[in-house]
Amino acid sequence: MTPVPGRERLFVAVDVADEARAALAEAVEPLQQRWPSLRWVRPESWHITLAFVGQVSPRRAAAVDAAAHCAAAGIRVFEVRLSGALGTFGRSVLWAGLAPSPPLEHVARGTRGALADRGIATDDKPFHAHLTLARPPRRGRLPAEAKTVDWVGPTAGWDVGRLAVRRSEPAPGGARYPSRFSAPLPH
C-alpha cells in the first residue's frame, strides 16, 4: 500500500520476547534455506497483531494510542507461548502459531472494542494469533508443500507486559514497524 503524506499506517500489537524470537529464528533457518525465494520477515519485525487500523490522520493516530491505553488498563500481565506449529493463510502467508491463550484473545477483543468506541475501523478479519514468517514473491504463491512440510518449531513462552501501537513503514527488504506508543499492562 502506498503511504499517504501526513498519515500513518498503524496497528496494535504484542511484541515477541528476545528469547522466543531467538529460538524461532533458529528453527526457521532450514525453511529459509529450503524456500529462499520467499519474502522472509526479519525476526526483529515479528509481532502478534491484535488490530490492524491502516492509514490514519494525526488526530486519529492519537485516538489509536488512547484505545491501546484503554485496552491495556483492562488486563494484567499474561503469558503467551509459541505452539511449535507452522501454518498458512491460503498460499499468501506462512506463519508460526501460538498456543491457545484466553487472555490474548481477550486483549484482542478489548483492543478492537476500544478502537470501535472511538470510531476507528479495523480490518474485519477474525483474530488468529500467529507470527507472520514469510510471504511469496510479488505476484507469486507459497510453495504447495508449505501446507504439509514436516516442521516442529519451538514452544517458548514469554510474559506480555505491554501493548504497542506500531507504524508500518515500507523499506527495502521488507516493511519496518517502529513503535509509536507503548501501553503497559498493570501487574
Side-chain angles (χ1 to χ4, degrees), residues 1-25 28 39-82 93 95-98 101 103-123 125 127-135 154 156-187:
M1 176 171 272
T2 305
V4 175
R7 295 173 84 74
E8 294 179 278
R9 189 169 189 238
L10 302 180
F11 61 93
V12 182
V14 166
D15 293 329
V16 180
D18 291 341
E19 300 81 26
R21 184 183 314 276
L24 184 57
V28 165
R39 295 180 298 137
W40 291 92
V41 176
R42 293 186 223 49
E44 63 271 15
S45 294
W46 289 336
H47 61 273
I48 304 165
T49 301
L50 300 175
F52 181 77
V53 176
Q55 294 191 25
V56 296
S57 69
R59 182 180 64 79
R60 302 299 280 166
V64 173
D65 297 345
H69 179 75
C70 179
I75 191 160
R76 298 209 178 281
V77 172
F78 62 94
E79 184 185 56
V80 294
R81 180 167 295 284
L82 294 167
V93 174
W95 50 260
L98 287 133
S101 171
L104 181 62
E105 292 172 17
H106 176 75
V107 78
R109 280 191 309 275
T111 299
R112 291 170 183 222
L115 288 162
D117 289 348
R118 287 161 177 78
I120 298 169
T122 60
D123 66 2
K125 296 176 187 171
F127 177 69
H128 183 264
H130 70 282
L131 302 177
T132 297
L133 300 176
R135 289 186 170 81
W158 68 96
D159 286 339
V160 174
R162 69 186 181 104
L163 304 184
V165 177
R166 296 203 168 274
R167 289 188 302 272
S168 178
E169 299 176 346
R176 299 211 183 268
Y177 308 114
S179 182
R180 177 194 152 73
F181 179 80
S182 181
L185 302 181
H187 288 278

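For clarity, every value in this text was computed on a predicted model and none was experimentally measured. Heads up: numbering here begins at 1 and tracks the sequence.
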- L24 versus L133: any side-chain heavy-atom pair under 4.5 Å? yes

- Task: Search all heavy atoms of R135 against all heavy atoms of V41 and return the closest pair with its distance.
- Result: NH1-CG2, 4.4 Å

- Do the side chains of L185 and V160 get nearer than 4.5 Å, heavy atoms only? yes

- Item | Verdict with supporting geometry, D15 and W46, side-chain contact (heavy atoms from CB on, under 4.5 Å) | CA-CA 7 Å; D15 293 329; W46 289 336; over 6 Å; no

- Query: Do R112 and T122 get their side chains close enough for a donor-acceptor pair, meaning under 3.5 Å?
  - Reply: no

- Query: Under the side-chain contact (heavy atoms from CB on, under 4.5 Å) criterion, do V53 and R9 qualify, and how do the steps go?
  - Reply: CA-CA 7 Å; V53 176; R9 189 169 189 238; over 6 Å; no

- Message: Can you tell me how the ring of F11 sits relative to the ring of Y177, calling it parallel under 30°, perpendicular over 60° and tilted otherwise?
- Response: perpendicular

- Message: Could you report the tightest heavy-atom contact between H106 and G74, atom names first, then the distance?
- Response: NE2-O, 4.2 Å

- Query: Out of curiosity, R162 CZ to S182 OG, how far, rounded to the nearest 0.5 Å?
  - Reply: 4.0 Å

- Message: Any side-chain to backbone donor/acceptor pair from T49 onto F52? Under 3.5 Å, distance only.
- Response: no

- Going by atom types only, do S45 and H47 share a side-chain donor-acceptor pair under 3.5 Å? no

- Item | Gap between atom NE2 of H130 and atom CG of L98 - 0.5 Å precision | 9.0 Å

- Item | Full working for side-chain contact (heavy atoms from CB on, under 4.5 Å) between L10 and R167 | CA-CA 5 Å; L10 302 180; R167 289 188 302 272; 3.5 Å; yes

- Item | Where A68 and V165 come nearest, the two heavy atoms and their spacing | CB-CG2, 3.6 Å

- Taking the side chain as every heavy atom from C-beta outward, state whether V107 and F78 have any atom pair closer than 4.5 Å. yes

- To the nearest 0.5 Å, what is the distance between CG (L50) and OG1 (T111)? 5.0 Å

- Task: Give the minimum heavy-atom separation between S101 and E79, together with the two atoms involved.
- Result: OG-O, 3.8 Å

- Least distance between heavy atoms, R21 atom then V16 atom: NH2-O, 2.6 Å

- Item | Closest approach of I48 to W158 (non-hydrogen atoms, all atoms of both residues) | CD1-CZ2, 4.0 Å

- Item | OG1-CZ distance between T132 and R39, expressed to the nearest 0.5 angstrom | 11.0 Å

- Message: Set out, in order, the CA-CA distance, both residues' side-chain angles and the distance that settles side-chain contact (heavy atoms from CB on, under 4.5 Å) for I120 and R60, then state yes or no.
- Response: CA-CA 8 Å; I120 298 169; R60 302 299 280 166; 3.3 Å; yes

- Item | Test item: R180 side-chain N/O and D65 main-chain N/O as donor-acceptor pair under 3.5 Å | no

